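Computed from a predicted model, the values in this text were never measured in an experiment.
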Amino acid sequence: MLENPAPSPRTSPATLNLSTADTGAACRARPERSPTGNRSARRRRAARTGVPTGSPELDWLRQSLHACDLLTRVHSISPPDRALVAFAIEWAPYGGADAEDLFIRFGVQRNRFLHLLQAAMTPRPSDLGHLRNLKTTLCNDLLRAWNDTHHSEK
């Protein structure tokens with residue numbers, strides 16, 4: 001399996017470019033797209049999820065998943081923690097997952113899941129300053145999204 005090298009510590013999440021030119025290897029998972037790209041596919045996907053293509057929620061979701069991937073690449077969170085954080089990000093726009101989904105996926109109740117999420121996103125002493133800020137901000141956003149919405153337990 002071919003892995004991308006970790007970005008240099010001076011690379012910020014905002015300037016990170018994951019094009020195939022940077023890695024030197026062709027990426028078969030993401031084929032080349034025309035300038036118009038998969039615009040119709042994005043519209044269909046947005047229609048299924050009920051989130052408009054250019055919405056702030058969708059932008060936040062993309063940025064948060066990108067940040068989660070960055071944190072995994074630089075070994076700031078472990079792959080199992082990445083699965084937990086990505087799940088929390090994907091469910092954040094809906095106020096979090098219900099008890100059944102959490103139990104099936106992670107074998108825990110909602111409160112325990114939130115504690116695991118918080119532990120996964122706790123900044124490590126070895127984290128660079130901007131990674132610490134990224135983890136703290138993302139964790140606070142996730143906890144607020146999962147706790148602010150009146151979510152009924154099934």
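The two residues Leu117 and Leu84 come nearest to each other via the heavy atoms CA-CD2, 3.3 Å. Contact between Ala120 and Ile77 at its shortest, heavy atoms only, is O-CG2, 3.5 Å.
Going from atom CD of Gln63 over to atom CG of Leu70 covers 13.0 Å, rounded to the nearest 0.5 Å. The CG atom of Leu138 lies 4.5 Å from the CG atom of Leu142; values are rounded to the nearest 0.5 Å.
In this model, no donor atom of one side chain and acceptor atom of the other lie less than 3.5 Å apart for Thr137 and Asn140.
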Working for side-chain contact (heavy atoms from CB on, under 4.5 Å), residues Asp69 and Arg82: CA-CA 8 Å; Asp69 290 340; Arg82 189 237 177 259; 2.5 Å; yes
Worked check of side-chain contact (heavy atoms from CB on, under 4.5 Å) between Arg124 and Arg132: CA-CA 8 Å; Arg124 299 176 179 175; Arg132 290 166 124 342; over 6 Å; no
Leu102 and Gln109: CA distance, side-chain angles, deciding distance, side-chain contact (heavy atoms from CB on, under 4.5 Å) verdict: CA-CA 6 Å; Leu102 287 170; Gln109 294 179 349; over 6 Å; no
Worked verdict on Val74 versus Asp127 for side-chain contact (heavy atoms from CB on, under 4.5 Å): CA-CA 9 Å; Val74 297; Asp127 287 339; over 6 Å; no
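Ring geometry for Phe87 against Trp91 counts as tilted: the plane angle lies between 30° and 60°, on a 0 to 90° scale.
No side-chain donor-acceptor contact under 3.5 Å links Ser76 to the backbone of Thr72. The main-chain N or O of Ala97 is never found under 3.5 Å from a side-chain atom of Asp101 such that the two would form a donor-acceptor pair. With hydrogens and angles ignored, the 3.5 Å screen pairs no side-chain donor or acceptor of Trp146 with any backbone N or O of Leu114.
Looking only at side-chain heavy atoms (C-beta outward), Ile89 and Cys68 come within less than 4.5 Å of each other. For the pair Thr136/Cys139, no side-chain contact is recorded, criterion being any heavy-atom separation below 4.5 Å from C-beta on. With contacts defined as side-chain heavy-atom distances shorter than 4.5 Å, the pair Met121/Val85 qualifies.
Phe103 CZ: 12 or fewer foreign heavy atoms inside a 6.0 Å radius.
Under the 4.0 Å criterion applied to side-chain N and carboxylate O atoms, Asp98 and Arg110 are not assigned as salt-bridge partners. Salt bridge Asp141/Arg144: present, at least one basic N to carboxylate O contact under 4.0 Å.
Partners of Asn133 by side chain to side chain contact (heavy atoms under 4.5 Å, CB included), not counting sequence neighbours: none found.
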